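Just below is one structure, and these are the notes that go with it.
Just so it is clear: chains get the letters A, B, ... in the order the sequence lines come, proteins before strands, and each one is counted from 1. What you see is a predicted model; the values in this text were computed from it and never measured.
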Amino acid sequence: MKRAETRRHLPFISGLVAAVAAGAMLVTWGDEYAVGVGLTLVMWIALVQSWAAFSGLSGYISLGHAVFYGVGAYVMVAGWQTLPIWLSVVAAGLAAGAVALLLGWPSLRVRGPYFVILTFGLAEFVKYIVVSIEAALGRNGRLLIGAPGLRELFVAMLFLAVLSTTGLYALRRSRLGTGLIAIREDEIAAEAVGVNTARTKLVIFGLSAIVPGMVGALMSLRFTYFEPMQSFSPVTSFTIVTIAVLGGSDDVPGPLLGTVFLVALSELLWARAPELYMIILGVLLVGFVLFAPEGIYGKLRSWGRGGAR
Amino acid sequence: MTELLSVRDLDAGYGPVQVLKHVGFSVSEHSITAVIGSNGAGKTTMMRTVAGLLSASSGQISFAGKDVTLTPTHLRVAEGIVLIPEGRLVFPDFTVEETLRIGAYSSRAHAGADARAAEMYELFPRLRERRNVRAGSLSGGEQQMLAIARGLMAAPRLLLLDEPSLGLAPSTAQMLFETIVEVRRRGITICLVEQDVHSTLEIADYAYVLEDGAIVADGLANEMLGSAQVRESYLGL
Amino acid sequence: MSVLLSGQLLAAALALASLYALVAMGLNLVYGTMRLLNIAHGEFVMLGGYVTYWSFTHLGISPLLSMLIAPALGACLGMLIYLVLFRRLLRSPKLAARVEANSLLIFFGVSVIFQNVMALLFTSTQRGYVYLDQVINIGNVAMTANRLILFGVASSACLLCLAFFRYTRAGSAVRAVIQQRDASALVGIDIDRLNIMVFALGFALAALAGVLVSMVQEITPFIGFPFTISAFVIITLGGLGNLFGSLLGALLLAAVEVYGTAIISSSFRSILVYGVFIAVLLVKPEGLLGRAVVAR
Amino acid sequence: EDPIKIGYAISKTGPFAPAAQTQLNAYQLWADKVAADGGIDVGGVKRPVQFVVYDDQSDFGKAPAIYEKLITSDKVDLLLAPWGTPFHFSIVGILEKYHFPVVGNSAASTTIRDVKPGNIWFTTSAIPDHLASELVKMMKSAGVKTVAINTLQLPFSQEFKKYLMPAIEKDGGFKVVVNEEYAPDTKDMTATLTKIKQAAPDAILSLSYPPDSVLFMKQERELGINAPFQLVLIGPTDHFFSKIFGSNLDGTITMGHWSPAQAKWPKAKPFYDAYFKKFNEPPDYLDSALAWMSIEVLEQAVKKVGLDKDKLRQEIASDTFDTINGPVKFNGVENVTTPTMYLQFQKGEAQIIWPASEETAKMIKKPAWSQN
Amino acid sequence: MSLLRLDDVSKSYGGVSAIRNFSLHVEEGEIVGLMGANGAGKTTAFSLIAGTQPVTNGEIWFAGARIDQMSAYQINRLGIARTFQIVRPFVGLTVLENLVVAAMHGHQAEPARAAAEARSFAILQELGLARQADHLAGTLTLAGRKRLEIARAIATGPRLLLLDEVLAGLTATEVAAALDMIRHVHQRYHLTLIVIEHVMRALMKLCSRIVVLHHGEKLAEGAPNDIVVDQRVISAYFGKRAS
Ligand SMILES: Nc1ncnc2c1ncn2[C@@H]1O[C@H](COP(=O)(O)OP(=O)(O)OP(=O)(O)O)[C@@H](O)[C@H]1O
Ligand SMILES: Nc1ncnc2c1ncn2[C@@H]1O[C@H](COP(=O)(O)OP(=O)(O)OP(=O)(O)O)[C@@H](O)[C@H]1O
Ligand SMILES: [Mg+2]
Ligand SMILES: [Mg+2]
């Protein structure tokens, strides 16, 4: 039994090991630029996988991830030069989780597009509260001088990416995750077969906020500057959703492929065709949805199946 | 009697899943034609394809001598092909009254819509009691009545009924069968899919048996009622 | 306190509400009928603004005339976008299954394309012109003529729209399609044509809003997004798919912005706006006039 | 011979693009000039120039990665600054890491003094603390007694207010009759303006960014609020204000320390003319001018010492440069030669009205709004 | 002590009352039929018992616990499972996965996935759905979905199972087979059943007791043979052709 169990998880484990090895190679031998791109890549992986853990499984499309990211960044700058950096990172994750529980408790009663817009509203709400706090404190943008270097940040971020990927993988197969998937399919029926829908949603919503909180903290170290309008920018949430849909599916490979695709694409384009970069991205996005609506992973799977026949 | 609907060599299904295999049948004008078959045989698929909600992958559907295989649903309604769908598909936010009004949307149904609505209330007094209630909060059976009434409001030439008695109490179901006979008497042609095979064959003129996506038998309804095979397979006798 | 009772404040609230309602109505139409989340809606407002700006400053065409031209162009563009991008999406069951997420992405792409094409063609420079700018005093309310026109045109357009959907056959057909597509086809509604009509109307309304906006504020290729956001907040507040709800939502939002900030402080503007929005949804998760589903 | 590579990132798209445009215009004007001249003078040798330009999409999170790419992968020889305070700050870490000197321009905050001197300098003299104390002096000299203040909750305006309030208090000669703040995205200011109108102050200070500045002025005009002293912090220097407000802009005071009308600065007018010729509109008196200044500093330093980073750093930090804004010399990261000034629009022209030593015209009272 | 007890339960929507002062006792192991005209309040009664909707008045007790204030999942975990008249399978999941959810969360929850899968598969075999185990629930026919509703409800491991018109849409022959299946699961899983049906013949064969609702009130209650000859029931329910 034990061995069968291990065999079942073999593809995942070996994939993970390979990815970590690639990361280690990059950080050892890669030049600054490559590590910089690598950081962007693992950052989005960490964010999108954590997003998929809640939104992918539950079908509650959240535009609230920007809040967790922003809260994490804010915790980092608030504790700057008082708390040890790595403690700040952990605190950022916990604070984001706490904020998620606080926001999730009322908002998870709302469904479908209402939830989408509500989470957007909540994100803006929190953003402006932080703007107000900063205004009241008389702070006007904060500079973080003496932050850790790129390679250190990359290693930390890689860890977060592994954490959220493993988290999604395990969650999807767990009792809690099964309940969440049932909620996506039909909330009333899920209740009727014993799923504690309110608790399931809230717990996972809270958990899924921890990684983005820590990501936000790390990224504020990368930018060395904090300003609430930017750190809580809704663009973060939109990008996450875009990547998730591009990737397709609620399982680990989907968000992963989506991230790799988008990061690679933007690396290819923004330098080569800066004027047209965004336009090309827009066209590709539209084309993708129309011609590969099941996402990259879905498309690959259906090709795979076609080939097997 | 002339053929009002004729279906030839019809193939249809869902994506890669082919459900109907070379189905052919016809419905004569002013008749009641029944299609019987067990669960999963493809009856609903067939009815949806005739109504145009599903498109045929091959074959031909003609109505009153016209090929309607590629005609979109709303134009088939304009021609007079009206389906009362399985699963009711009510407009949840419309009240009973609004539903009847929208039922007469197509231009052929304008004339006399008010009178027909009054008839519907005669037919289903329960609907009259609930005329200002939203369809979404009606009980299952009430929704079924509403779906039937909505279909009749469209002034059909050919009425396709997919399990209309589903969820109706016996007295109401019995009235439904009487209504179907009455509707036919007024010149509307009927194609009926029903699980209550006994009542169906009693009022039908002609019947087809659909099994596994193909027509496996057909004949006069009263002969079917006597057929040993039908009795065993569908009447539980 | 006297500020709160002043006609000036009421007029400001009404003018803002009328613009909000106009933008939200077009968005709600498209969402309501087809479940398409059009986050490029504000971009069509922006385009309407540019059409007006260029035709006024370069061709000398009065913005009043643009109130006909821009919506007509908007309608054509809307139809084109429907035919090219969305007809397929709505027909294929595979695509339609996740129509909300898919449409969000497509429109996101469209929005990115329009913004950047405009920036490329006309640069990001802020543009403005002066038209009918004299201040008109009515009683003790002072307003520039162009804002009065904005109020008049936007509110009549909204009311016309409402009346259209309340009292015409096409209107009830749209409401039917919102609820049940298959059944709508089964009562004889030509859904495709209706969709085209709705796209044309929705985008024409957005373009009209753009004409009005360009008369009272500066425009850039990036002014659209805030309009999209306000419109989404409004239609959610009012109940998705409910046009009258949009009107109510617009009034509420404008009232919060104008009176809320007058009572409390402008520094809490956004906190107030989103706070009220969140509060309403918590009390009524389906929006003010939305309806909850029931299980049988 | 080898062209030298000059790189920068700027917001070409996204919410900051409209504001960044006037700085970008200055960069492009320079690119034309360099092309026409056949290159720039590098330690006495004329070398052609190749530009590497990226769009940061109004996301200062992208700026560090882009500048890192410019340095490590595109291997540029020189860098120009991005647009805006946050973008300047976000690249400080990268510049430190690679010891790459950059002359900044459109960044203004006292926080710049927290930046370790070495690789970045700030040409602006519009730093909030100086601006605030000068404003108080200026109001005093204009005989202002009562003041209304309306402040946007974004970093620069907030910081400005932070230094303004104590300065007003310390002076003691003013009564602040209205003191309001407002959030970004505010769509209507009627309530605040009604309060201001009732208070009828001598001076109205709108500490705002361009979009709100327009809203503020438009609604002020509607309500016919005519204070003799009116400051609108950011915006009026951008050309489109005069398009929207025409002669109504006259009398408005705004932040800025450059004017083509200043005879002391011989290079000022030619820059104005060249800019006007290319873009068919005047430059932004603040951002276009700052951008141009930063280029002049860099160009002169390169001419003198070439491309070697250490020498360049040394040179910029120690020498005095001759710019359209007069002589510039840095102390630490800050430009200490250019005094803090204020501009006022008079007959459509931006005139320096403060301090007296720099003035190109006398301060006037703001005429009543024309409501027609 | 009764397994389930409804005391004077009422439910109204705004002004309209769907159920009025309804009392009912169900003993362990019983099969009770619930019938009544369309809109009589049968489904509403199920919704109240299962906690899908809150009661307006009255009390509901199950196995010694008062449940009318509990939420649906709590009630399910106490051992009550229901099917929906207007079916709601998890259409995007396979038939097996539909059951796995129930098996991992319901009354006799099996938190380990492998065990839950094993139990679910056994139930599918029992109900003759094993062949479709890997099909998406959305591709089943209406009758298939109804059967899936039953299977999923059983997968929660209930003591009391509420079946709402699960025979609707079947031919007489299929009804006979389905009845056998219901009787079988009743035995096999030691269930107590309340069954709503309009197919009178089926109720007669299945139930030991029938309760008739009329306009939200209890009209009659008794053995099937007494119910079919009850004049009030005949005039309210069967119509003239009753045989
Ligand atoms: N959306 C769908 N996708 C794939 N297969 C489907 C879909 N809907 C139905 N099917 C399959 O098509 C076949 C025929 O289904 P159909 O609903 O037409 O049967 P039916 O005769 O109406 O059955 P019933 O008596 O239960 O209503 C079944 O095998 C069913 O599983
Ligand atoms: N939300 C609601 N608002 C108003 N009336 C409602 C609501 N929900 C149910 N009803 C009414 O309550 C009554 C009882 O409905 P219920 O579904 O319990 O009937 P039923 O006995 O199951 O009927 P059927 O045999 O048709 O399924 C119906 O008349 C229905 O219209
Ligand atoms: Mg069927
Ligand atoms: Mg019922």
Quiz item: Which of the residues D:Asp74, D:Thr111, D:Ile66, D:Asp114 is involved in the greatest number of heavy-atom pairs with chain A at under 4.5 angstrom?
Solution: D:Ile66
Quiz prompt | Nearest-0.5 Å distance that lies between atom CD in D:Gln153 and atom CD1 in A:Ile133 | solution = 11.0 Å
Quiz item: Of the backbone (N, CA, C, O) and the side chain (C-beta and beyond), which part of D:Lys12 lies under 4.5 Å from a heavy atom of chain A, both, or neither?
Solution: side chain
Self-check item: chain D contact via A:Arg222 - side chain, backbone, both or neither, heavy atoms under 4.5 Å
Solution: both
Exercise. Sort D:Val115 into side chain, backbone, both or neither according to what part of it lies under 4.5 angstrom from a heavy atom of chain A.
Key: both
Quiz prompt | Which atoms of D:Phe16 approach chain A - backbone, side chain, both or neither, heavy atom under 4.5 Å | solution = side chain
Quiz item: For the side chain of A:Gln230 and the backbone of D:Ser58, is there at least one donor-acceptor N/O pair under 3.5 Å apart?
Solution: yes
Quiz item: Can you tell me how far the CG atom of A:Leu143 sits from the CZ atom of D:Arg113, to the nearest 0.5 Å?
Solution: 14.0 Å
Exercise. Decide yes or no for A:Glu134 and D:Gln158: does some side-chain heavy atom of the first lie under 4.5 Å from some side-chain heavy atom of the second?
Key: no
Quiz prompt | D:Ile94, part contacting chain A, at a heavy-atom distance under 4.5 Å | solution = side chain
Quiz item: Roughly how far, to the nearest 0.5 Å, is CD of D:Glu68 from CG of A:Leu150?
Solution: 5.5 Å
Quiz item: Should we say atom NZ of D:Lys116 is surrounded by more than 12 heavy atoms from elsewhere, each under 6.0 Å from it?
Solution: no
Quiz item: Should we say atom OH of D:Tyr98 is surrounded by more than 12 heavy atoms from elsewhere, each under 6.0 Å from it?
Solution: yes
Quiz item: Roughly how far, to the nearest 0.5 Å, is the CG atom of D:Asp55 from the CE atom of A:Met278?
Solution: 7.5 Å
Quiz item: Top residue by heavy-atom pair count (under 4.5 Å) with chain A, among D:Ser73, D:Pro184, D:Pro128, D:Ser157?
Solution: D:Pro184
Quiz prompt | Nearest-0.5 Å distance, CG of residue D:Asp185 to OH of residue A:Tyr128 | solution = 3.5 Å
Quiz prompt | Residue pair D:Gln57 / A:Val235, side-chain heavy-atom distance below 4.5 Å | solution = no
Quiz item: Looking only at heavy atoms, what is the nearest atom pair of D:Pro64 and A:Phe223, with distance?
Solution: CG-CD2, 4.1 Å
Quiz item: Which bit of D:Glu181 is near chain A, if near means a heavy-atom gap under 4.5 Å: side chain, backbone, both or neither?
Solution: side chain
Quiz item: Looking at A:Ser220, A:Ala135, A:Ser233, which has the largest count of heavy-atom pairs under 4.5 Å with chain D?
Solution: A:Ala135
Practice problem: Measure distances from D:Lys161 to the heavy atoms of chain A and classify the residue's part below 4.5 Å as side chain, backbone, both or neither. | Solution: neither
Quiz prompt | More than 12 heavy atoms of other groups within 6.0 Å of D:Gln28 CD | solution = yes
Self-check item: ring pair (Phe, Tyr, Trp, His ring centres under 6.0 Å) against D:Tyr54, all qualifying residues, sequence neighbours excluded
Solution: A:Trp270
Quiz item: Quick one: does A:Glu227's side chain get under 4.5 Å of D:Phe89's, heavy atoms only?
Solution: no
